[in-house]
> 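Quick one: the structure is below, and I'll ask about it shortly.
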Amino acid sequence: MFELEFCKKFNIVSYQLEKRFYSKKNEVALYSFCDAKNNLKKWVVKHFSSPRRCRKEAKVLKILSSSGLAVPGIIYSTNHCIIMEYIQGETLLAWLEKSEQTAAPVAGTTGLLTALASWLQDAYQALHRAYGHSMILGDVNLRNFILSECIYGLDFEECRAGSPEEDLGRLCAFVLTYNPGFTLWKYRFVAAIKNVIAAELNLSWQRVFTEMLKELEQMSKRRNEQNMQAALRGNEHGFRLISP
Ligand SMILES: Nc1ncnc2c1ncn2[C@@H]1O[C@H](COP(=O)(O)OP(=O)(O)O)[C@@H](O)[C@H]1O
Ligand SMILES: [Mg+2]
């Protein structure tokens, strides 16, 4: 299962699967590794669906980490797999679900959104320096951030050229559609994203909004069109809250 070279490098004598993470595209799991001196390490193993995606993620992880961003460090990588540090904490999606279920005031999320804005700002700058043009994460959803002692970013295989408005628009579309979708709390949270993240990054809300609608339309084609359209129609008050 693990390459001999990896086992030799870290003196691994045994390993155990601790848990599998939710992943649509890849196989991602937490393992504990035991070395010859009986030291135990917990590392995340991500097996990619394609070598190209694996190389892209390894490259971006290196760029971001060398620019001082909070991302998991790479322990070992091959053409199809990255073994990386385990970041203990909860995903921002788990945090959002808990906040909404406990009816936490949306105004109280400003601190977290400011930290997320600052992580994104630093990431866009680092990627621009490395590639020489504007790059985006491509797959910004709240499962790709972990709340630990600070916010960590994950999952960079879809990083590509683009403008940050695309990322933020998609993020807003994801936020609105997480189950239960299109609630007033989620519209308020998107309004907070507008006031904090779009403002901090100096983005055009008009463009973010257009990207959000584009993503919602694509989702409605992929998922259940009637449900999505009904949810959109029934929430005009919510849309007024966040429209440009
Ligand atoms: N280094 C890590 N530390 C802690 N959890 C992780 C780490 N990497 C991935 N995960 C967990 O695994 C999930 C899937 O990993 P991710 O890199 O986002 O793969 P995918 O491309 O399949 O979405 C994440 O949402 C997160 O919960
Ligand atoms: Mg992911």
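All values below were derived from every heavy atom in this structure, side-chain atoms included, with hydrogens, water molecules and symmetry-related copies excluded. Counting convention: from 1, in listed order, for ligands and their atoms alike. Just so we're clear, the structure is a prediction, and the values are computed from it rather than from any experiment.
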> To the nearest 0.1 Å, how far is atom 3 (N) of ligand 1 from its closest protein heavy atom, and which atom is that?
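Of the protein heavy atoms, I87 N, 2.9 Å lies nearest.
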> Would you mind listing which atoms of ligand 1 come within a distance below 4.0 Å of any non-hydrogen atom of Y86?
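Matching atoms, with element in brackets: 3 (N), 4 (C).
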> Evaluate the side-chain proximity of I74 to I83: yes if any heavy-atom separation is below 4.5 Å, no if none is.
no
> To the nearest 0.1 Å, how far is atom 25 (O) of ligand 1 from its closest protein heavy atom, and which atom is that?
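Going by distance alone, atom 25 (O) of ligand 1 is nearest to R143 O, 2.8 Å.
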> Looking only at non-hydrogen atoms, which of H47, K25, K46, R20 approaches atom 17 (O) of ligand 1 most closely?
K46
> Write out the residue and atom name of the closest protein heavy atom to atom 27 (O) of ligand 1, then the distance separating them to 0.1 Å.
T91 CG2, 3.6 Å
> Once the angle between the rings of F189 and W95 is folded into 0 to 90°, is it parallel (under 30°), tilted (30 to 60°) or perpendicular (over 60°)?
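Rings of F189 and W95: tilted, as their planes differ by 30° to 60°.
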> State whether E215 and R222 are salt-bridged, where the test is any N-O pair (Lys NZ or Arg NE/NH1/NH2 against Asp/Glu carboxylate O) under 4.0 Å.
yes
> Less than 3.5 Å between some nitrogen or oxygen of K24 and one of ligand 1, yes or no?
no
> Counting heavy atoms only, which of L61, N141, L154 comes nearest to atom 9 (C) of ligand 1?
L154
> Before accepting this row, confirm whether a basic side-chain N of the pair R52/E157 lies closer than 4.0 Å to the acidic partner's carboxylate O.
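No, R52 and E157 are not salt-bridged.
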> Answer side chain, backbone, both or neither: which part of S23 comes under 4.0 Å from ligand 1, heavy atoms only.
both
> Tell me whether the rings of F33 and F6 are parallel (<30°), tilted (30 to 60°) or perpendicular (>60°).
perpendicular
> Between I146 and ligand 1, find which residue part has any heavy-atom pair under 4.0 Å and reply side chain, backbone, both or neither.
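I146 to ligand 1: side-chain contact only, backbone stays beyond 4.0 Å.
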> With the threshold set at 4.0 Å, does a side-chain nitrogen-carboxylate oxygen contact exist between E158 and K56?
no
> Of all the N, O or S atoms in D155, which one sits nearest to the Mg ion (ligand 2)?
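Result for D155 and the Mg ion (ligand 2): OD2.
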> With a cutoff of 4.0 Å, is Y22 in contact with ligand 1, counting heavy atoms of the residue only?
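For ligand 1, residue contact (heavy atoms, under 4.0 Å) with Y22 is present.
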> State whether K42 and E85 are salt-bridged, where the test is any N-O pair (Lys NZ or Arg NE/NH1/NH2 against Asp/Glu carboxylate O) under 4.0 Å.
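No, this pair does not count.
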> So, is S23 placed with an N/O/S atom under 2.8 Å from the Mg ion (ligand 2), counting both backbone and side chain?
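Checking S23: none of its N, O or S atoms is under 2.8 Å.
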> Around atom 1 (N) of ligand 1, find the nearest protein heavy atom and jot down its residue, atom name and distance.
E85 O, 2.8 Å
> Angle class for the Y178/F174 ring planes (parallel below 30°, perpendicular above 60°, tilted otherwise)?
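Ring orientation of Y178 relative to F174: parallel.
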> Do the side chain of D167 and the main chain of G138 share a donor and acceptor less than 3.5 angstrom apart?
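Judged by distance alone, yes, a pair lies under 3.5 Å.
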> Do the rings of F2 and Y15 sit parallel, tilted or perpendicular, given the 30° and 60° boundaries?
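Rings of F2 and Y15: perpendicular, as their planes differ by over 60°.
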> Which residue supplies the protein heavy atom nearest to atom 2 (C) of ligand 1, what is that atom called, and how far is it?
V44 CG2, 3.6 Å
> Going by the order shown, which atoms of ligand 1 are within less than 4.0 Å of some heavy atom of E157?
21 (O)
> Examine the side chains of T183 and E100 and answer whether a donor and an acceptor come within less than 3.5 Å of each other.
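There is such a pair between these side chains.
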> With respect to D139, determine whether any N or O atom, backbone or side chain, lies less than 3.5 Å from an N or O atom of ligand 1.
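No, no N or O pair falls under 3.5 Å.
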> Looking only at the side chains, is there a donor atom on one of Y76 and E3 sitting less than 3.5 Å from an acceptor on the other?
yes
> In plain terms, say whether E211 and K214 are close enough for a salt bridge, that is, a side-chain N and a carboxylate O under 4.0 Å apart.
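Result for this pair is yes, salt bridge flagged.
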> Is the shortest N/O to N/O distance between V28 and ligand 1 below 3.5 Å?
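V28 vs ligand 1: no N/O contact under 3.5 Å.
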> For Q88 and ligand 1, answer yes if some heavy atom of the residue is under 4.0 Å from a ligand atom, otherwise no.
no
> Can you pull out the closest protein heavy atom to atom 23 (O) of ligand 1? Residue, atom name and distance to 0.1 Å, please.
D155 OD2, 3.0 Å
> Can you sort out which atoms of ligand 1 are near M84, meaning under 4.0 Å from one of its heavy atoms?
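Close to M84: 1 (N).
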> Could you list the atoms of ligand 1 found under 4.0 angstrom from a heavy atom of P72?
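Those qualifying, in numeric order: 1 (N).
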